[in-house]
2 protein chains.
Amino acid sequence: MGDHRAKEALFDVLVEAARALGNGRRAELVDVLAQGERSVEELAVEISQSVANTSQHLQRLLRAGVISSRRSGTRIYYSLAGPAVERLWRALRETAEAHAGELGALALSYLGDRTSLGTINRDELQRRLKQGDVVVLDVRPRPEYDAAHIPGALSVPVDHLKARLSQIPEGRDIVAYCRGSYCVYADDAVRELSDDGRRAMRLEEGFPEWKAAGLPVESAT
Amino acid sequence: MGDHRAKEALFDVLVEAARALGNGRRAELVDVLAQGERSVEELAVEISQSVANTSQHLQRLLRAGVISSRRSGTRIYYSLAGPAVERLWRALRETAEAHAGELGALALSYLGDRTSLGTINRDELQRRLKQGDVVVLDVRPRPEYDAAHIPGALSVPVDHLKARLSQIPEGRDIVAYCRGSYCVYADDAVRELSDDGRRAMRLEEGFPEWKAAGLPVESAT
DNA sequence: TTCTTATTCAAGTAGGTTCTTGAATAACAC
DNA sequence: GTGTTATTCAAGAACCTACTTGAATAAGAA
């Protein structure tokens, strides 16, 4: 038994990644980085924080081994450190879901009422993609589409959707997807498409889950 | 887009479980509870903290949905809230391992030099158990063995090992297991058994991983 | 070189966390 | 009822965190 000092030190280190993820803004950063690498300024915009604050959060995540960075000219690009981090972030969301607690009410107030939205899961989408009777829209911001997307998906960031409605092929069902179940972009897109009289539904989860399931992925060279 | 207040609130809640796990003492509690339910006082002893402090940590974990409690007479027993928590705790350890960083040095100082210890993995242990050419020792504290253990394992808590050396069947290899890779009990047992001239090795991971892999489990009564 | 842009650093303030101590409950035995 | 044991609550001291502001680097362009 003995050395409880060394044991404490060991567990204090094991827990560093949890401390890093234990902040809403840093969790938002990880959720965005799960889509692909991004620069500091882009990330600051995504999480609605100052660049200085975002930089400090990123450094905390970096020290904890949750993300890694590379320099390209004057910009620094951050990305998730590896698949263990993706599993960690997923397990965290699942733990929160299992707890229910306030989560339901908060999700409702952020995501709105989802009961009327049609959904489709990964396996079925994959089948219908093979049959070719479906149009897939990637409604995430453009840099995330460029980093990687579902093969054949069209990039239509949700804030450009209204202007580009006419360019979306007709005669087939539309499936919109975004970052994951806590992302509103696909919901908003499905509502807008439905209002326009199109048959639209959202992919149940998001791109990271598609990729993690080992399904095919395409990226802009 | 729209309501970044509601988004912040949502992520703040998603992250509650990470904050709860983001403390070495609470992580130790989770590591013990992964073996089975325990009372407050038992847990306080395990993590070398006062009962009042342990109680406060437990309540924090409870509020975050990481553990659950049941009362039995004058005692309150805590246990992990569900399988998502086990995955969370595992992903956290894996993230720390992938980062390396200080972890290596700290693990060495707490666990000692492991290079000379023989190990065996789950699959091989299961095969040798079927052949019956191996003695399995559960060297965790007794309440953890009582909660659940590998079928056929003998309970020999590591601090009783010296006194019970003579009771361990001879002529077969010995495999000791405990809580997991960051638990020293099996290491200490293997060293002691080797010093006594027995052929001994440790199970690579611990009981929770055995159980999570869907392998058979046995419990007292 | 100087200018520009992206990022990081440093210092300060408001608020949160951890552990301690001693008192308060809650269930049970007598 | 009283006494006993297990657990929780409350208040306080030392320390850590999150965000702000303004200055400092570092790479590249002119």
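Chain A is the first sequence line, chain B the second, and so forth, proteins listed ahead of strands; every chain is numbered from 1. Worth knowing before you read on, the calculation uses all heavy atoms, side chains too, and leaves out hydrogens, waters and symmetry mates.
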I'd like to know if the side chain of B:Tyr182 pairs up with that of B:Glu97 as donor and acceptor (distance under 3.5 Å, no hydrogens or angles considered).
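On atom types as modelled, these side chains qualify, holding a pair under 3.5 Å.
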
Neighbours of DNA chain D within [range], by heavy-atom distance under 4.0 Å:
range	answer
residues 65-77 of chain A	A:Arg71, A:Gly73
residues 21-44 of chain B	B:Ser39, B:Val40, B:Glu41
residues 55-63 of chain A	A:Gln56, A:His57, A:Arg60

Partners of [X] by side chain to side chain contact (heavy atoms under 4.5 Å, CB included), sequence neighbours excluded?
X	answer
A:Val51	A:Val40, A:Glu41, A:Ala44
B:Ser68	B:Ser79
B:Ser109	A:Ala6

Any side-chain N or O of A:Tyr78 below 4.0 angstrom from OP1/OP2 of C:dT8?
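Checking A:Tyr78 against C:dT8: at least one side-chain N or O falls below 4.0 Å of OP1 or OP2.
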
In chain order, what residues pass the salt bridge (Lys or Arg N to Asp or Glu O under 4.0 Å) check against A:Arg114, with sequence neighbours excluded?
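By the salt bridge (Lys or Arg N to Asp or Glu O under 4.0 Å) rule, A:Arg114 matches A:Asp187.
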
For B:Arg87, enumerate each residue passing the salt bridge (Lys or Arg N to Asp or Glu O under 4.0 Å) test, keeping only those at least two apart in sequence or located in another chain.
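Salt bridge (Lys or Arg N to Asp or Glu O under 4.0 Å) list for B:Arg87, sorted by chain: A:Glu94.
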
Using whole Å, report how far CG of B:Asn53 lies from P of C:dT17.
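The answer, rounded to whole Å, is 14 Å.
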
Scan residues 28-38 of chain A for pairs that pass salt bridge (charged side-chain N to carboxylate O under 4.0 Å, His left out), counting only residues two or more places apart or in two chains.
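Those involving residues 28-38 of chain A are A:Arg25-A:Glu28, A:Glu28-B:Lys7, A:Glu37-A:Arg70, A:Arg38-A:Glu42, A:Arg38-A:Glu46, A:Arg38-A:Glu144.
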
Per the salt bridge (charged side-chain N to carboxylate O under 4.0 Å, His left out) rule, what does the pair list look like for residues 73-84 of chain B, sequence neighbours excluded?
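Every pair satisfying salt bridge (charged side-chain N to carboxylate O under 4.0 Å, His left out) with a residue in residues 73-84 of chain B: there are none.
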
B:Tyr78: partners by side chain to side chain donor-acceptor pair (under 3.5 Å), with sequence neighbours left out:
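None.
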
Taking side chain to side chain donor-acceptor pair (under 3.5 Å) as the test, write out the residues that go with B:Arg142, two or more places apart.
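B:Arg142 satisfies side chain to side chain donor-acceptor pair (under 3.5 Å) with B:Asp146 only.
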
